[in-house]
Amino acid sequence: MRFAPSPTGSLHVGGARTALYNLLFARREKGTFILRIEDTDVERSREELTGQILSAMEWLGLEYDEGPYHQSRRYDLYKAAAERLLREGKAYRAFETPEELDAERKAAEAAGKSYRYSGAGRRIDPGESDRRAGAGERFVVRLAMPDETIVVDDLIRGRVEFPAEALDDFVLVRSDGHPLYHFSVCVDDVDMRISHVIRGDDHLANTPKHVALFRALGAPIPRFAHLGMILGTDKKKLSKRHGAAAVEEWRDAGILPEALFNFLALLGWAPGGDREILTRAEMEREFSLERVGASPSVFDPEKLLWMNAQYIARMPAEELLERALPHAAGGAPARDVALRAIELHRPRVRTPIEMGRALSSYAADPSEYEPEGLKKHVRPETAAQLDALARRLEGIPEGEWTAASTEAALRETAEAAGVSAGKLIHPTRLALTGVTVGAPLFDVVALLGRETSLRRLARFREKIRA
RNA sequence: GGCCCCAUCGUCUAACGGUUAGGACACGGCUCUUUCAAGGCCGGAGCACGGGUUCGAUUCCCGUUGGGGCCA
């Protein structure tokens, strides 16, 4: 198996899924997964993008067994293959100039017919062809396509037929000696002994060309499996336009690699049963192309986020802490406090980024208070009630500062003031965290500790009096 | 334009001729509750259309429509 990206952009989620299926299939079938960089398109390929793709693959857990090979370093191979095909009469030189071809194309268009190369080069005598080439005349190398229907037996789509009339003798090598995409792909697939080609649907229409090439090359034809495209919410092929189409954008958005891996695996493949969260080992054990659907699928960020939350729910606290720490911009509390905070916020966050923010709230006092919250929970009598609460809380010694003792203090205060506990709970949460929503108040109070809680309460009382 | 692919809830999907068409995300309700989540329970929501084939079609075949791709 192989994954063969072109370094013309960062790793797209569609490409990532293709790589992922190749990987799972290779593991399942005990095959070898090869990475090959298709960088023969000099105008569009950029060196640094290769590194970007490699690191995105590594992050996602798409490890390969062999490679990366670079097509740009394998020109000798393509050259030798072209010469061999020429020698064997399976390919031929065509000497038309671009202008001539353009004229033919226009003529066909004017006649209302679809254009196909005339095949004129095919009729040039080999000796004559050699002589003209030797004389320095410019030429391209074209494959002599067989005059018969080409059948592609696709593992996902079944039998697909391409009538001979639809295909013409396509160019293998440009006049400057540059091998073209379809040619280098097949030469490499033969050389690397690729047995299964799993790739995007967009290549299905090119497959008859490849089949003809494999035959001309005298090589066994690999099995093909064409995956449906991944679409944006508007049902159009997913692209940068849709926002996050690149793997690294999801990484930066706080998506865990395991979650993205799992999500992508299920975008087109359905393991039996109702399971959605699968371990890597399960996927490698159970993956099968027979259970891969043929239709395109829409990439739903909502579900990805849900899956991310599922992974967060299952992740060991230490690991989650490690992943969240880089995002704790406002600092993080001591490790023991942080680990408890993790458990408090785990069901409330969907990314390590959000967890980082939650951790910071224990390390730094709120810099501001949610205006909506102030309006809603602060009444004229609130300040005095919070004063009373503070007095009671101050009466709790450090060693007895727990969720239970502080809750009792608050409820007693409320009762003494003749108001419901909620009248105190909400402003207190706002005082301690700056926001109106979050983990259960008394757990937060306990975690914050006596000193911090009282300090934040004092600041808030000052603030609402001002 | 020619050729090719695809078609089950809004979305991801299960079903491989006979099911009250199942699950998940999202949505709504209830529950839990100091808030927000998470969890639990409940609910609304789908076989694109038309012909065949068959005792029987979501399922097989053909066409239409709609999406998509490749070539130019």
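Every chain is numbered from 1, with letters handed out A, B, ... down the list of sequences.
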Proximity to the side chain of A:His426 - top-ranked nucleotide from B:C70, B:C12, B:U35: B:U35
Under 3.5 Å on both distances, the Watson-Crick or G-U partner of B:C55: B:G18
Given B:A15, B:U34, B:G23, the nucleotide with the shortest approach to the side chain of A:Glu276: B:G23
Touch class at under 4.0 angstrom, heavy-atom based, for A:Ala270 against every strand present: sugar-phosphate
Sugar-phosphate only, base, or nothing, as touched by A:Gly268 at under 4.0 Å among non-hydrogen atoms: sugar-phosphate
Sugar-phosphate, base or nothing in reach of A:Pro440, heavy atoms under 4.0 Å: base
Ring centers of A:Trp269, A:Phe25 separated by less than 6.0 Å: no
Polar side-chain contact A:Lys303-B:A24 base: donor and acceptor under 3.5 Å: yes
Residue pair A:Glu248 / A:Ser10, side-chain donor-acceptor N/O under 3.5 Å: yes
Integer-rounded Å distance: B:U13 P and A:Ile230 CD1: 9 Å
B:U34 - base-pair partner by Watson-Crick or wobble geometry, distances under 3.5 Å: none
Atom-pair distance (CD1 on A:Ile156; P on B:C5), nearest Å: 14 Å
Base paired to B:U11 (Watson-Crick or G-U; both N/O distances under 3.5 angstrom): B:A24
Side chain of A:Leu267 - closest among B:C4, B:C12, B:U34: B:C12
Any protein N or O atoms within reach of nucleotides 37-46 of chain B? Criterion: under 3.5 Å, listing atom names and distances.
from	atom 1	to	atom 2	distance (Å)
B:A37	O2'	A:Pro347	O	2.7
B:A38	O4'	A:Pro347	O	3.2

Below 4.0 Å: OP1/OP2 of B:U13 and any side-chain N or O of A:Ser297: yes
Protein-nucleotide distance (A:Asn308, atom CG; B:C25, atom P), rounded to Å: 15 Å
A:Arg275 vs B:A14: side-chain N/O to OP1/OP2 distance below 4.0 Å: no
Separation of B:G1 C1' from A:Arg116 CZ (nearest whole Å): 15 Å
Sugar-phosphate, base or nothing in reach of A:Ala309, heavy atoms under 4.0 Å: nothing
Distance-only side-chain donor-acceptor flag, A:Glu96 / A:Tyr117, under 3.5 Å: yes
Proximity to the side chain of A:Val437 - top-ranked nucleotide from B:U35, B:C70, B:A14: B:U35
Short side-chain donor-acceptor distance under 3.5 Å, A:Tyr311 and A:Asn262: yes
A:Tyr21 ring center within less than 6.0 Å of A:His196 ring center: no
Watson-Crick/G-U partner (both atom distances under 3.5 Å) of B:G2: B:C70
For A:Ser6 against A:Ile53, the heavy-atom pair lying closest together: O-CD1, 4.0 Å
Between P of B:U33 and CG of A:Leu441, the distance in whole Å: 17 Å
Residue mapping more 5' on RNA chain B - nearest nucleotide basis, A:Pro163 or A:His182: A:Pro163
Closest nucleotide among B:U11, B:U34, B:U13 to the A:Val298 side chain: B:U11
Between A:Arg199 and A:His226: side-chain donor-acceptor atoms closer than 3.5 Å: yes
Residue closer to the 5' end of RNA chain B, A:Arg429 versus A:Val160 (nearest nucleotide): A:Val160
Test item: side-chain donor near acceptor, A:His377 and A:Tyr369, under 3.5 Å: no
A:Phe263-A:Phe299 aromatic ring centre distance below 6.0 Å: yes
Complement of B:G50, any strand, by Watson-Crick or G-U distances under 3.5 angstrom: B:C62
Sugar-phosphate, base or nothing in reach of A:Glu161, heavy atoms under 4.0 Å: sugar-phosphate
Salt bridge (charged side-chain N to carboxylate O under 4.0 Å, His left out) partner of A:Asp169, the single match among A:Arg93, A:Arg122, A:Arg116: A:Arg122
Sugar-phosphate, base or nothing in reach of A:Gly438, heavy atoms under 4.0 Å: base
Minimum side-chain heavy-atom gap A:Glu276-A:Lys303 below 4.5 Å: yes
What nitrogen or oxygen pairs link the protein and nucleotides 8-10 of chain B at under 3.5 Å?
none

